[in-house]
Every structure is written in C-alpha cells, then in structure tokens.
Amino acid sequence: MAAKVATRPPAETLSLWKREQARLKAFVVDRDTEAWQRDPAFSGLQRVGGVDVSFVKGDSVGACASLVVLSYPELEVVYEDCRMVSLTAPYVSGFLAFREVSFMVDAVRRLREKEPHLVLFVDGNGVLHHRGFGVACHLGVLTDLPCIGVAKKLLQVDGLENSTLHKEKIRLLRAGGDSFPLMGGSGTVLGMALRSHDHSTKPLYVSVGHKMSLEAAVRLTHGCCRFRIPEPVRQVGG
C-alpha cells in the first residue's frame, strides 16, 4: 500500500509556516540586480533553469525532485539532475514551498558547484500569493538567485478573479509577448498575464520571485517560450 502524508498539519505548524514566510519575505528583492536584466536582448545571460517536484502515481510520499538547465538563448538542455525524495509535509494551499522547496534548494546547491550563474523558473507563483510570498520567492531567497514564478492558472487573491472582464482582457492579447498587469484590490500590481506564444490563447501568470523586475521577468519568460510553457518549466516537468 502506498505511503501517505497526513492530510493537513496542525494549526501550530501553519502558524509557524506563516511566520517563516513573513520573515523571509523581508529579503525579497523585486528589482533588477544584474546588468544583463537591463539589456533588451539579455546579453550576458547564458543559463536558465527550471525546477520541479513530480509525484509517483498513487504515492503521496515518493517524488522526483528535478532541475534542468538550458543554454540561453539557444534553449538547449545542458544539465539535468533528478533524485528520488520522500515528502514529509502535505500540500496545503498557500504553503507549497514547505512541501517542495527544500528539495529544489538541494538540487540548486549541487548545481552551483559547477554553474553559479543562472535564472530559475518555477511552475508556481512569486509575489502573486495570499501573503505575497509564493514558492518562487521562497526558492529565490533561499538560493539567492534570480527567480521567476510562472503559473498556468490565476491565483484569485487580493480581489483578482477570473471574471468576465479578466477574460475579455485575455481575448485582447493578440500576439505572443502581449500582456496586461494583474492589479489587486489593494492597488498593487502582483504580476502580469502574458500571451506567451502566437498560437496560445491561454495566458501565463508571471510574477516576481526574487532579484528581478516584473518587466524583465515577463520579457525573459516570453523569450524562453517555444510553445505556451517556457522551456525550463516544460523540460523539467516533462
């Protein structure tokens, strides 16, 4: 019989997790920190990476933590690392990092002995999050690397919702690279809805993870899309 992780941690654990998110959130940098980020062609950037934790069917404990690195701008795979891990925490909405991020950090640390400079893409959110600190922020702060959150679905937070108006804005994204800001009810821009490819009608939801401006994160995400999903995320998730 497949092993299972408890369905939900106790309230004390969730309280500790919230405090840890609040503590680490203070270290998030939401501006460009590298010269290549301000270059229209990202000259100087040579590596982009994707991280993922994928699950064994029928087993809520066993998983494969993967990291794939691609050359930029060629988007050819130059490094792969995949290790089986045992999860110790259940999935709880808003706390994905506490289930997965330690394995991602381990993979990045193994890589950095060989390749210290890269950008990480995460299939998830950054500052577009209930407490402004999603898994892309968590990973970015812990690794001190530029990090971008790329989600396939809109996280409905701070008044954002998949409303008729939102769907109309999506319809008006005519070509790959077109985008519009995701402004919450607080007046804060939490991310961008991006049409990542000419042939994709469903947007991506891009948000800052760490050490990168939203504008640069959106441009780089678009630059890494051969299809709807950016290649670092597509390759690591495949």
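For this chain, numbers begin at 1 and follow the sequence in order.
Around the CZ atom of Arg31, the shell of radius 6.0 Å holds no more than 12 heavy atoms that belong to other residues, nucleotides or ligands.
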Notebook entry, point to check: Given Trp36 and Ser43, is the side chain to side chain contact (heavy atoms under 4.5 Å, CB included) satisfied, shown in steps?
Noted result: CA-CA 5 Å; Trp36 61 261; Ser43 298; 6.0 Å; no
Next item on the list: Give the C-alpha distance, both sets of side-chain angles, the deciding distance and a yes or no for side chain to side chain contact (heavy atoms under 4.5 Å, CB included) between Leu145 and Val108.
Entry: CA-CA 10 Å; Leu145 286 172; Val108 173; 3.7 Å; yes
Notebook entry, point to check: Can you list the steps and then say if Lys152 with Arg228 is a side chain to side chain contact (heavy atoms under 4.5 Å, CB included)?
Noted result: CA-CA 9 Å; Lys152 294 184 281 293; Arg228 180 193 175 207; 3.9 Å; yes
Notebook entry, point to check: Between Cys82 and Cys64, is a disulfide bond (SG atoms under 2.5 Å apart) present by the stated rule, with each step listed?
Noted result: CA-CA 6 Å; Cys82 180; Cys64 180; 2.0 Å; yes
Check: For Met192 and Ser179, what are the C-alpha separation, side-chain angles and deciding distance, and is it a side chain to side chain contact (heavy atoms under 4.5 Å, CB included)?
Finding: CA-CA 6 Å; Met192 296 284 277; Ser179 64; 3.1 Å; yes
Margin query: Run Asp52 and Ser66 through side chain to side chain donor-acceptor pair (under 3.5 Å) and show every step you take.
Written below: CA-CA 5 Å; Asp52 184 58; Ser66 303; 5.7 Å; no
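Asp144 and His210 get closest at one heavy-atom pair: OD1-NE2, 3.9 Å. Across all non-hydrogen atoms, the minimal contact from Ser213 to Asp32 is N-OD1, 2.9 Å. Summarising the geometry of Gly140 relative to Cys147, their closest heavy-atom pair is CA-CB, 3.8 Å, with the distance given to 0.1 Å. Taking every heavy atom of both residues into account, Gly94 and Gln21 meet most closely at O-NE2, 3.0 Å. The two residues Val28 and Gly209 come nearest to each other via the heavy atoms CG1-O, 3.7 Å. Scanning all heavy atoms of the two residues, the minimum distance from Pro232 to Leu70 falls at CA-CD1, 3.9 Å.
The side-chain heavy atoms of Arg234 and Phe227, taken from C-beta on, include a pair separated by under 4.5 Å. Taking the side chain as every heavy atom from C-beta outward, Val236 and Leu67 never approach each other to under 4.5 Å. Contact check for Phe103 versus Leu87: side-chain heavy atoms found under the 4.5 Å cut-off. Taking the side chain as every heavy atom from C-beta outward, Asp30 and Leu214 never approach each other to under 4.5 Å. Residues Val69 and Val48 fail the side-chain proximity criterion, which asks for heavy atoms closer than 4.5 Å. Between Glu231 and Phe121 the shortest side-chain heavy-atom distance does not fall below 4.5 Å. In this structure, the side chains of Asp81 and Arg110 come closer than 4.5 Å at one or more pairs of heavy atoms. Two residues are said to be in side-chain contact when any heavy atoms from C-beta on lie closer than 4.5 Å; Leu120 and Leu118 meet this criterion.
Looking at Thr188, its side chain never comes within 3.5 Å of a backbone N or O of Gly184 through a donor-acceptor pair. In this structure, the side chain of Arg195 does not engage the main chain of Asp178 through any donor-acceptor pair within 3.5 Å.
Phe98 has its ring centre less than 6.0 Å from the ring centre of His138.
Using a 4.0 Å cut-off between charged nitrogen and carboxylate oxygen, Arg226 and Glu76 count as a salt-bridge pair. Residues Arg83 and Asp106 are not paired through a salt bridge, judged by the lack of any N-O separation under 4.0 Å between the basic side chain and the carboxylate.
Between atom CE of residue Met104 and atom CZ of residue Arg109 there is a gap of 14.0 Å, rounded to the nearest 0.5 Å. To the nearest 0.5 angstrom, Leu16 atom CG is 10.5 Å from Phe95 atom CZ. Residue Tyr91 holds its OH atom at 6.5 Å from CG of Leu96, rounded to the nearest 0.5 Å. To the nearest 0.5 Å, atom OG1 of residue Thr143 and atom NZ of residue Lys211 are 8.5 Å apart. Glu215 CD to Arg38 CZ: the interatomic distance, rounded to the nearest 0.5 Å, is 11.5 Å. Ile229 CD1 to Gln235 CD: the interatomic distance, rounded to the nearest 0.5 Å, is 12.5 Å.
Cluster annotation: Val101 is not connected to Val92 through the hydrophobic network of ILVMFWY side chains, with a link wherever side-chain heavy atoms come within less than 4.5 Å. With hydrophobic clusters built from ILVMFWY side chains whose heavy atoms lie under 4.5 angstrom apart, Val77 shares a cluster with Val150. Linking Ile, Leu, Val, Met, Phe, Trp and Tyr residues whenever their side-chain heavy atoms come within less than 4.5 Å places Leu75 and Leu194 in a single cluster. No chain of hydrophobic side-chain contacts below 4.5 Å, direct or via other Ile, Leu, Val, Met, Phe, Trp or Tyr residues, connects Val135 to Trp17. Hydrophobic clustering (ILVMFWY, side-chain heavy atoms < 4.5 Å, transitive): Val29 and Val218 are in distinct clusters.
Grouping Ile, Leu, Val, Met, Phe, Trp and Tyr residues whose side-chain heavy atoms lie under 4.5 Å apart, directly or via other members, places Leu128 in a hydrophobic cluster with Leu154, Leu155, Val157, Leu160, Ile170, Leu173, Phe180, Leu182, Leu190, Tyr205.
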